[in-house]
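Contents: one structure, followed by commentary.
Letters A, B, ... mirror the listed sequences (proteins, then strands); counts begin at 1.
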Number of protein chains: 2
Amino acid sequence: MARTAGRPPRSKAEILEFRSKIGKHALEIYRTEGFGAVSMRRLAREVGCAPMTIYAHFEGKTDILRYLWADVLTDMSHDIEKKLKSVVVPSERLQTAAQTFIAYWIDHPDHFRLVFMSNDVTRADVSTFVMDDNTLAHVLMFSDLIRNVLPQEHDVKMRTDTLISGMIGIAFCMITIPDYPWADATLMTKQLLTSIIT
Amino acid sequence: MARTAGRPPRSKAEILEFRSKIGKHALEIYRTEGFGAVSMRRLAREVGCAPMTIYAHFEGKTDILRYLWADVLTDMSHDIEKKLKSVVVPSERLQTAAQTFIAYWIDHPDHFRLVFMSNDVTRADVSTFVMDDNTLAHVLMFSDLIRNVLPQEHDVKMRTDTLISGMIGIAFCMITIPDYPWADATLMTKQLLTSIIT
DNA sequence: CATTAATATAGAACGCGTACCAATTATTAT
DNA sequence: ATAATAATTGGTACGCGTTCTATATTAATG
């Protein structure tokens, strides 16, 4: 298969390497100086390339920010796993996981905004959130926790999705509408869980 | 009461008038050309004042966008009221209201982003959402609907807040994470409601 | 009238995300 | 070497939200 002349496209490995290099620097900036400090121009400056070169590897800024999600999500996961260690009863495990999940976002509202709200309102057509395997694992964890409480239930997926969107909703509301006197998050989570396990 | 010399501060009425004038133009632009077209510079151009003058009356862009919320919220309210006309059973009324609420946001994702996500991630410290009387009325509507289903229940506030944050969560997730194969929104809403009315 | 304080204005500036383009530079097949 | 193709670069540009400064304008008091 005679390839045409000219410089060949970047190899898969080269693409990944560049992307992860950018992601690494973005994470560094984000960790030390916060979210607002992460900008395309600065990223290019620190990596040592022209600002426009980044656009050859990423769709845009949101595409870069996805590299920060993994960091936050594993951080949250560790919180949950730590709490789950001392809990054995299935229903209590589900309860603990849900409470820890919500508490994490409320305690780290900037992380929540980064993961769930780091999109441009003007670019609403572009899909913000892309589920990768890592993210999906967190969903599956809750799925398993529910299954352990309701072994013979077959609506597990629907219940899982309801729980997850409900938990995210509680965190979302308490973070973005802090002026409203929301009921206690723990109680709301409990209330939400009653619908899932009945 | 000897006032100091000099030009007196703007009267309350003047302030309100200017603010509502800006809001009116913002709404006009938003309606005809969408959210992305609303900008401070253009707003100033159309209103006929210097861009900086706006900053004397508004904290920033988010402060202006709040004027668009009322429009969206009453639009949604009308949807719910229309649907509720033919429903009399309290539990069905609650069900209908909830389903319509969620359907509205899913059908108008740009409105959802405008109301709930029109904040700057970099300015996370500033409270995005400010509850005014109009917004509060919608909360109270759900509160009443729940009370009608559970007349002797005293946890109505907590249940209301759980329902509202849960509904917003469902809409939020389905809008911002469209790639994930969410369970049917109607079923999730039903599932969510089971916790509220038990 | 003059003084004085509140307000409005113009203009420049900063950094931002993003787009476009012409000029390289790198790498391959011929 | 040469030609062809991909990748990168630099520069320019647009509009954005926002801040700053200096200068007018306004409307009250003395």
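In this structure, NE2 of H57(B) is placed 8 Å from P of dT9(C), rounded to the nearest angstrom. Atom-to-atom, CG of D63(A) to P of dG17(C) comes out at 14 Å; the value is rounded to the nearest Å. Atoms NZ (K61(A)) and C1' (dG15(C)) sit 11 Å apart, rounded to a whole Å.
Nearest approach of I170(A) to S165(B), heavy atoms of both residues: CG1-OG, 3.5 Å.
End-to-end axis angle of the helix from dC1(C)-dG30(D) to dT30(C)-dA1(D), from C1' rotation axes over five pairs per end: 20° (rounded to 10 degrees).
Comment: K83(A) does not engage D79(A) in a salt bridge, judged by the lack of any side-chain N to carboxylate O separation of less than 4.0 angstrom. Taking 4.0 Å as the cut-off between side-chain N and carboxylate O, D144(B) and R93(B) do not count as a salt-bridged pair. Between D184(A) and K190(A), no side-chain nitrogen of the basic residue sits less than 4.0 Å from a carboxylate oxygen of the acidic one, so the salt-bridge criterion is not met. Here R66(A) does not pair with E59(A) in a salt bridge; the nearest charged N to carboxylate O distance is not below 4.0 Å.
In the region residues 40-55 of chain B, proximity to DNA chain D at under 4.0 angstrom, judged on heavy atoms, holds for M40(B), R41(B), M52(B), Y55(B).
A heavy-atom distance below 4.5 Å is not found between the side chains of M76(A) and H111(A). By the 4.5 Å heavy-atom criterion applied to side chains, Y67(B) and R19(B) are counted as neighbours.
Phosphate contact (OP1/OP2 of dG15(C), side-chain N/O of S39(A), threshold under 4.0 Å): absent.
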